[in-house]
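Just so it is clear, the model here is predicted, and its values are computed rather than measured.
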Amino acid sequence: MKFGVIVFPGSNCDHDAYHVISKHVGQPVDFIWHRETDLSSYDALIIPGGFSYGDYLRAGALASFSPVMASVKKFAAQDKLVLGICNGFQILCEAGLLPGALIRNRELHFVCEHVNVRVESTDTPFTHELRRGQVLKMPVAHAEGNYVCDDATFEELTRDNRVIFRYSDRDGRVSPEANINGSRDNIAGICSRGRNVMGLMPHPERACEDALGSSDGRAIFHSLVGAVTAIAA
């Protein structure tokens, strides 16, 4: 089993993701430079947070044209697992691997704080060790985390149970007050039709140690490892 963390110019959560995979879940992991095209030795990829290409043009837009992303699309088409966190979520949407887009936050402010998200679906390789309705405390740090999509896409996401996380209060109540960036229907994370690609705006890799204020993010990585192990068996 081997993980890869893709690094773009401007990525700044790559070492956090690497640390979690190597130290907390104890799996081999490589950094993958964005010009790399051979991903054949990896079982799962993480596209980390940061500000790829300085967020010029639009968050994630330039990164979606990096050489590695064509290989990421082929990787995902083989039903292998791809997790995009914050800027990684933006890149996956820009690349067409996830539907919709992340636009400027409702109040046009950068948001940096711990938030609560409610688990909406455990039927994914990334959440099968969680409970539906469970509330996770994780940090966010973004200016463009306002998830938008057209009505047809929203209906499809809802019908197929592909909304994986929603912003909520600590008791799991989904409300406008808990929606920290104005995302449609409080959406904080979604998955692909094949359920093997997931993007979310909160940072689970920054919530894996109690000293950081929460270790709730660990379950997402342990779910991911369990899924890779099951696929390989």
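Rounded to the nearest 0.5 angstrom, Leu45 CG and Phe75 CZ are separated by 3.5 Å. To the nearest 0.5 Å, atoms CD1 (Ile180) and CE (Met201) are separated by 8.0 Å. The line from CZ of Phe126 to CZ of Phe165 is 10.0 Å long, rounded to the nearest 0.5 Å.
The same ILVMFWY cluster, assembled from side-chain heavy atoms under 4.5 Å apart, contains both Phe8 and Leu97. Hydrophobic clustering keeps Phe51 apart from Ile91 (ILVMFWY residues linked when any side-chain heavy atoms are closer than 4.5 Å, directly or through intermediates). Under the 4.5 Å side-chain heavy-atom criterion for ILVMFWY residues, a single connected hydrophobic cluster contains both Ile6 and Trp33. In terms of hydrophobic clustering, with Ile, Leu, Val, Met, Phe, Trp and Tyr side chains grouped at heavy-atom distances under 4.5 Å, Tyr56 and Ile47 are assigned to a common cluster. Hydrophobic cluster membership differs between Leu200 and Val135, with clusters built from Ile, Leu, Val, Met, Phe, Trp and Tyr side chains linked at under 4.5 angstrom.
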**Item:** Verdict with reasoning, Asp151 to Arg184, per salt bridge (Lys or Arg N to Asp or Glu O under 4.0 Å)
**Value:** CA-CA 10 Å; Asp151 291 344; Arg184 181 165 187 169; 2.8 Å; yes
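Remark: side-chain polar atoms of Asp169 are paired, donor with acceptor, to backbone N or O of Gly172 under 3.5 angstrom. Under the 3.5 Å distance criterion, the side-chain polar atoms of Asn186 are matched with a main-chain donor or acceptor of Ser175. A donor-acceptor pair is defined here as one N or O able to donate and one able to accept, closer than 3.5 Å; such a pair exists between the side chain of Ser71 and the backbone of Thr37. The backbone N or O of Lys137 sits less than 3.5 Å from a side-chain atom of Asp216, completing a donor-acceptor pair. At least one donor-acceptor pair closer than 3.5 Å links the side chain of Arg166 to the backbone N or O of Asp185. Of the possible donor and acceptor atoms, none in the side chain of Asp30 sits under 3.5 Å from a partner among the backbone N and O of Gly4.
Between Arg195 and Ser121, some side-chain heavy-atom pair lies under the 4.5 Å cut-off.
In this pair, Phe31 and Tyr18 present their aromatic rings parallel. The plane angle is below 30°, not in the 30 to 60° band.
Side-chain atoms of Asp210 and Ser215 form a donor-acceptor pair, as typed in the model, at a separation below 3.5 Å. No hydrogens or angles considered: a donor-acceptor pair under 3.5 Å links the side chains of Asn181 and Ser183.
Here the closest non-hydrogen pair linking Val140 and Pro202 is CG1-CA, 3.7 Å. Closest approach of Thr124 and Cys191 over heavy atoms only: CG2-SG, 4.5 Å. Of all non-hydrogen atoms in Arg132 and Thr122, the two that sit nearest each other are N-CG2, 3.4 Å. For the residue pair Ile85 and Phe221, the shortest heavy atom distance occurs at CD1-CZ, 4.4 Å. Considering all non-hydrogen atoms of both residues, Cys86 and His203 come closest at CB-NE2, 3.4 Å.
Salt bridge Arg193/Glu156: present, at least one basic N to carboxylate O contact under 4.0 Å.
By the neighbour-count criterion of 12 heavy atoms within 6.0 Å, atom CZ of Phe110 is densely surrounded, having more than that number from other residues, nucleotides or ligands.
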